Amino acid sequence: MVFAYLCMLMKRVLIISYYWPPTGGSGVQRWVKFAKYLPAEGWQPVIYTPENPEQLAVDASLEAEVPAEAEVIRRRIVEPYGMYKKVLRRSGHSKEAVEVNPVNAQNKSVLQKMAMWVRGNLFRPDPRCWWIRPSVRFLKKYLKEHPVDLIVSTGPPQSMHLIGMRLAEETGLPWIADFRDPWTKIFYFKHLSMTRRTQKWHEKMERRVLDKATRVVAVSPLVQQEFQAMTKTPVELITNGFDECDFADEKCRDADGGPDKDFVITHTGLFAADGNPTVLWDVLAEKCALDPDFKKALKINLIGKNDEQIIKAIDEAGLHENLNDMGYQPHSEAVAQQRQASLLILPLRKEPEYKAVLPGKLFEYLASSRPILGIGQADGAMSMIVNSTKTGVVFDWNDKESMSRYLDECWEKHQKGELSASDADIAQFTRRNLTRRMAQLFEEISRRPSDARNDSDCHPERSEGSLNDSPHALCHPERSEGSLNDKE
């Protein structure tokens, strides 16, 4: 009864996201965590997501993060991406390499270049474009029977923003365009073999989305600045973050005493070829050659999807015996491995556009309380966070001398049991606090203040006689007939 009553008092936000559990990876976690904490802020999340998406990784453990109050609407999607990947595999790439880094893979074959041209010019803005029109049609009908107060689209893929834009135009609802990455200034945009006409189409659609949105949200201060220079629409900064609950389970508590006798260098998440820190592998190889104790203690843990060129480079450096390639792991295990590391490495991709990027894993690295070795632009967005929190260092990709000196310092402190990150004030990056800021933005732009709201008028499908129903049915009345999984 109490649960049902609380659900009826909440405002409702429709969240259009391609990525949702059981799909794993960083693209999922941002809005799963927002959804987790939105009910406490008075908002019921209504998720619209594909029933059959392409999945880089599967992490069923993330389904436990979805709150009971959430509605999840799954609809089938037709997309050509599976065929595209098959073409790439036939050109000689392994499955893992294709999945990790298809767009800006190096030394593309003729077939790969042809497939890239088709992907870049015929599927606009991305291979999920065929989902736009049926989604708008379905959601218009759905919202008439199940009203919401606000629309959020999160991209990439940018097709989600086109769904949000057209739906907002049709319904008059306020709409937030949440950009987890830039659009035309994303690092791989220039690798898509687009004609000038296609590039202009993207630029036009990007400006239209920015101008039509009620608010735009960026996850990096540099991206926020870029967007704000392109539109009069207010652009808010709400970064990614870390969930304190993820760092409170048993595995993490077991690691609080610090690393064991091994000197463990850990990387979690996607590890693409254009972010391969070859200079770091060389530095580690030289230290192993000079110091038998270092060679014996060194462990390189890779947790996530790794491009085959990463593994090959480590092998060629003579570090194969030090490598522990764990592959994709549930998010909870990745967090535990971060806490158990001696040193966390965060190489950025070797693309100038990556200067503006704040990798999602950075914030969990901060919460892990382990030193961070960042490799990339020393004046980029990541460096700003690492330097301001004093949680590590960031060196240029080719700054071998600085990397070597820093690793010497870490190894010396490790041997003394003194290797740790400084105590930084990172409360602003907790998922709970970030959700509070997002909910405040919702309140600012939603049309009906909470104290003037008549829930029975806004949600006529919730009848007075439904108080004797189960809490699940009350919060999600339309699920009882299975309509949410019906196909077009």
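Only this structure's heavy atoms are used, side chains among them; waters, hydrogens and symmetry mates stay out. Bear in mind the structure is a predicted one, so any value in this text is a computation, not a measurement.
In this structure the side chain of Thr239 never reaches within 4.5 angstrom of the side chain of Ile385, judged on heavy atoms. No side-chain heavy atom of Ile73 sits under 4.5 Å from any side-chain heavy atom of Ile47. Inter-residue side-chain proximity for Phe271 and Pro277 is flagged as met; some heavy-atom pair is nearer than 4.5 Å. Inter-residue side-chain proximity for Tyr19 and Thr49 is flagged as unmet; no heavy-atom pair is nearer than 4.5 Å. Residues Arg74 and Trp20 are in side-chain contact: their nearest non-hydrogen atoms beyond the backbone lie under 4.5 Å apart. Looking only at side-chain heavy atoms (C-beta outward), Leu222 and Lys355 come within less than 4.5 Å of each other. By the 4.5 Å heavy-atom criterion applied to side chains, Phe442 and Val152 are counted as neighbours. Put simply, the side chain of Met10 reaches to within 4.5 Å of the side chain of Pro39, judged on heavy atoms.
Although no hydrogens or angles enter the test, the distance criterion places a donor-acceptor pair under 3.5 Å between the side chain of Thr430 and the main chain of Ala427. Put simply, the side chain of Gln44 gets close to the backbone of Glu69: a donor and an acceptor are under 3.5 Å apart. In this structure a side-chain-to-backbone donor-acceptor pair under 3.5 Å is missing from Tyr365 to Gly360. Side chain of Gln224 to main chain of Val235: a donor-acceptor pair is present (N/O by atom type, distance under 3.5 Å, no hydrogens or angles). Here the side chain of Ser220 pairs a donor or acceptor atom with the backbone of Ala356 at under 3.5 angstrom. Of the possible polar contacts, one joining the Asp126 side chain to the Gln158 backbone as a donor-acceptor pair under 3.5 Å is found. Distance alone, capped at 3.5 Å, places no donor-acceptor pair between the Arg370 side chain and the Thr391 backbone. Distance alone, capped at 3.5 Å, is enough to place a donor-acceptor pair between the Thr389 side chain and the Val386 backbone. Asn306 places a side-chain N or O within 3.5 Å of a backbone atom of Gly304 that can act as its donor or acceptor partner.
For the residue pair His331 and Glu364, a side-chain donor N or O sits within less than 3.5 Å of a side-chain acceptor on the partner. When only modelled atom types and interatomic distance are considered, Glu443 and Trp43 share a side-chain donor-acceptor pair under 3.5 Å. In summary, the side chains of Glu333 and Gln337 do present a donor paired with an acceptor at a separation below 3.5 Å, with no hydrogens or angles considered. Residues Glu206 and Thr184 have side chains that bring a donor and an acceptor to within less than 3.5 angstrom of each other. For the residue pair Asp307 / Asn276, no side-chain donor-acceptor distance below 3.5 Å is found, with atom types taken as modelled. Under the 3.5 Å distance criterion, with hydrogens and angles disregarded, no donor-acceptor pair is assigned to the side chains of Lys361 and Ser26. No hydrogens or angles considered: a donor-acceptor pair under 3.5 Å links the side chains of Ser135 and Tyr48. Looking only at atom types and distance, the side chain of Ser153 has a donor-acceptor partner in the side chain of Trp175 under 3.5 Å away. No donor-acceptor contact under 3.5 angstrom links the side chains of Arg437 and Gln440, judged on distance only.
Every residue meeting the side chain to side chain donor-acceptor pair (under 3.5 Å) condition with Arg180, not counting sequence neighbours, appears here in chain and number order: Thr154. With sequence neighbours excluded, the residues forming a side chain to side chain donor-acceptor pair (under 3.5 Å) with Gln338 are Thr268, Ser368, listed by chain and number.
Applying the salt bridge (charged side-chain N to carboxylate O under 4.0 Å, His left out) test to every pair with at least one member in residues 224-236, sequence neighbours left out, gives these pairs: Arg215-Glu236.
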Evaluation steps, side chain to side chain contact (heavy atoms under 4.5 Å, CB included), between Val58 and Thr23: CA-CA 5 Å; Val58 176; Thr23 299; over 6 Å; no
Worked verdict on Lys36 versus Asp243 for salt bridge (Lys or Arg N to Asp or Glu O under 4.0 Å): CA-CA 10 Å; Lys36 176 180 178 179; Asp243 191 344; 2.8 Å; yes
Side chain to side chain contact (heavy atoms under 4.5 Å, CB included) assessment of Arg76 paired with Trp131: CA-CA 9 Å; Arg76 289 196 66 81; Trp131 207 45; over 6 Å; no
Residues Ser446, Lys11; criterion side chain to side chain donor-acceptor pair (under 3.5 Å); working and verdict: CA-CA 9 Å; Ser446 61; Lys11 288 186 176 183; 2.9 Å; yes
Working for side chain to side chain contact (heavy atoms under 4.5 Å, CB included), residues Val357 and Leu348: CA-CA 9 Å; Val357 172; Leu348 299 181; 5.6 Å; no
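Checked for salt-bridge contact, Glu71 and Arg12 meet the test: a charged N lies under 4.0 Å from a carboxylate O.
Annotation for Arg197: atom CZ does not count as buried by contact number, only 12 or fewer foreign heavy atoms lying within 6.0 Å. The environment of NZ in Lys212 is sparse: at most 12 heavy-atom neighbours from other residues, nucleotides or ligands sit within 6.0 Å.
Classified by interplanar angle (parallel below 30°, tilted 30° to 60°, perpendicular above 60°), the ring pair Tyr142/Phe138 is parallel. Using cut-offs of 30° and 60° for the angle between ring planes, the Tyr354 and Phe187 rings count as perpendicular.
Remark: aromatic rings of Phe429 and Phe242 are distant, center separation not under 6.0 Å.
Seen from the ring of Tyr37, Arg431 does not count as a face-on cation partner, given the 6.0 Å and 45° thresholds.
Atom CD1 of residue Ile176 and atom CD1 of residue Ile16 lie 12.0 Å apart, to the nearest 0.5 angstrom.
Closest approach of Thr233 to Ala213, counting heavy atoms only: CG2-O, 3.2 Å.
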